[in-house]
S.K.: 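Quick one: structure below, then a few questions.
Labels below follow one simple rule: chain letters A, B, ... track the order of the sequence lines, proteins then strands, and each chain is numbered from 1.
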There are 2 protein chains.
Amino acid sequence: MSRPQEFDTPEALRQAMEVFWRQGYEGTSLTDLLAATGLSKSSLYATFGSKRDLFLAAFDAYRQARARDAHRLLQQQPAREAIYAFFHSLFANVNTDQPALGCMSINQAVELAPHDPQVRERVVQDLHQLEEVLTPAIARGQQDGSLTSPRPARELARLLVLAFPGLQVMARAGYSSQELDEALRLLFTHLDS
Amino acid sequence: MSRPQEFDTPEALRQAMEVFWRQGYEGTSLTDLLAATGLSKSSLYATFGSKRDLFLAAFDAYRQARARDAHRLLQQQPAREAIYAFFHSLFANVNTDQPALGCMSINQAVELAPHDPQVRERVVQDLHQLEEVLTPAIARGQQDGSLTSPRPARELARLLVLAFPGLQVMARAGYSSQELDEALRLLFTHLDS
DNA sequence: CTTTTTCTGGACCGATGAGTCCTAAATATT
DNA sequence: AATATTTAGGACTCATCGGTCCAGAAAAAG
């Protein structure tokens, strides 16, 4: 019937997400978004509404993708390696051409959450979910013997959630992959003994 | 000889700092700065140069003030209480009219550091300095018996530095004073045993 | 009181912000 | 091939951005 859409909507959303991820909300202009997606202004507005709508959609796409990643990575055996791989993925793109992106939820906790309830709600939910997904993984590690701390799994999960933004901040501040890995290993020593 | 300046330059800088602290660099407009300082545009530019110059000056003012606070707070006895008070000051203004500001250095690690070398340099320096100032405080706590962990003080300091942004993120995300305190207490259990 | 100096307020600037809208191109259907 | 429909591009608007500049007010010095 009508002319078909020439661009891939989910792909465009993914590209917009990356710009927001890297530059934040205020730091991203419409021009940036058009360049990243390759869309025309009218296509972008027709498809996604406003800049803010697009941001929220991109943020939610990020959160879903991360939740999937977490679920996948945390299934490895033994559990210790699974958790380690999960945290390592946070700064996987360090030492590439681009500076590290860190975690978009943490970025948004800093940028928009303080004065934007819709963003704050998402950030809080993400932190809770992180605890919820780490707790059983840690418990599993205690059972399979790869984690030897006798503390309650939830307590250890809370420690990891607390340290999570620290790794992200170090990544964003330009710490090397080695330094980040060292910090991560130090953190992991607190899951033992 | 000439007409004296009517405003207090350090006070104006302090007020500008607070706006940048709360809203970030991109989120703060010239209009915001004029309203906060009460200066006229010409006075502001004559005194501080550009928006970016003012930001860097405000950032450095913040860092100095924080370094002084840290030095002061960490002298308390016993050392455990000193460190506790220091971390507690991070979210001291929670539960007031304004949302928590967190730590400006951490905010800037997220916002500007990835693409601004001058800011990154400062952030990295702040993180290092935090470790440097916490290490002797922890060692002191191990000597006075208020901290019982047998780990090297520097290792424990690194754990605290790693957790520091986590507390800040929770504060910015709107967690209550109770929740933050709970997280802080959990963290402190890792300085014992 | 006059002069000199410097501060203050606001008009003004070009650039860019987000967002609207109209025109023309392109394709699926008939 | 003609038509119907929806796309894409870009001109356009209005507000705000950071920043400049000028004219007048105010105060210290003589």
S.K.: Once you round it to whole Å, what is the distance between C1' of D:dG19 and CG of B:Leu33?
M.R.: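 The distance from CG of B:Leu33 to C1' of D:dG19 comes to 13 Å, rounded to the nearest Å.
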S.K.: Has B:Ser43 got a side-chain N or O lying under 4.0 Å from the OP1 or OP2 atom of C:dC7?
M.R.: no
S.K.: Can you find a side-chain donor-acceptor pair between B:Arg140 and B:Gln75 that sits under 3.5 Å?
M.R.: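 Not at all, the side chains of B:Arg140 and B:Gln75 share no donor-acceptor pair under 3.5 Å.
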S.K.: If you check the B:Phe7 side chain, which of D:dG19, C:dT8, C:dG19 turns out closest?
M.R.: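 Comparing D:dG19, C:dT8, C:dG19 against the side chain of B:Phe7, the answer is C:dT8.
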S.K.: With a 4.0 Å limit, can you tell me whether B:Ser40 has a side-chain N or O closer than that to the phosphate oxygens OP1/OP2 of C:dG9?
M.R.: yes
S.K.: Once you apply a heavy-atom cut-off of 4.0 Å, does A:Thr47 come out as touching a base, just sugar-phosphate, or nothing?
M.R.: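 No contact.
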S.K.: Quickly work out the A:Leu44 CG to C:dC21 P distance and round it to whole Å.
M.R.: 16 Å
S.K.: To the nearest Å, how far apart are A:Tyr45 OH and D:dT7 P?
M.R.: 18 Å
S.K.: So, OP1 or OP2 of C:dG17: does either fall under 4.0 Å of a side-chain N or O from A:Ser29?
M.R.: yes
S.K.: So do the side chains of A:Glu111 and B:Glu111 get within less than 4.5 Å of each other, counting heavy atoms only?
M.R.: no
S.K.: Measure from CG on A:Leu39 to P on D:dA8 and round the result to the nearest Å.
M.R.: 7 Å
S.K.: In whole angstroms, how far is the P atom of C:dT16 from the NZ atom of B:Lys51?
M.R.: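 It works out to 15 Å between those atoms.
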S.K.: Which nucleotide sits closest to the side chain of B:Ser42: D:dG9, D:dG18, D:dC21?
M.R.: D:dC21
S.K.: Taking only Lys NZ, Arg NE, NH1 and NH2, and the carboxylate oxygens of Asp or Glu, determine whether A:Glu155 and A:Arg158 approach each other closer than 4.0 Å.
M.R.: no
S.K.: Taking atom P of C:dG14 as reference, at what distance in whole Å does atom CG of B:Leu30 sit?
M.R.: 18 Å
S.K.: Just how far, in rounded Å, is C1' of D:dG19 from CG of B:Leu34?
M.R.: 11 Å
S.K.: How many Å lie between CZ on A:Phe55 and P on C:dG19, as a whole number?
M.R.: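 Distance, rounded to whole Å: 14 Å.
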S.K.: Assess whether one donor atom and one acceptor atom, taken from the side chain of A:Lys41 and the base of D:dG9, lie less than 3.5 Å apart.
M.R.: no
S.K.: Would you call A:Arg122 and A:Asp126 a salt bridge, using N to O less than 4.0 angstrom?
M.R.: no
S.K.: Report yes or no: do A:Arg151 and B:Thr189 form a side-chain donor-acceptor pair below 3.5 Å?
M.R.: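 Side chains of A:Arg151 and B:Thr189: pair found under 3.5 Å.
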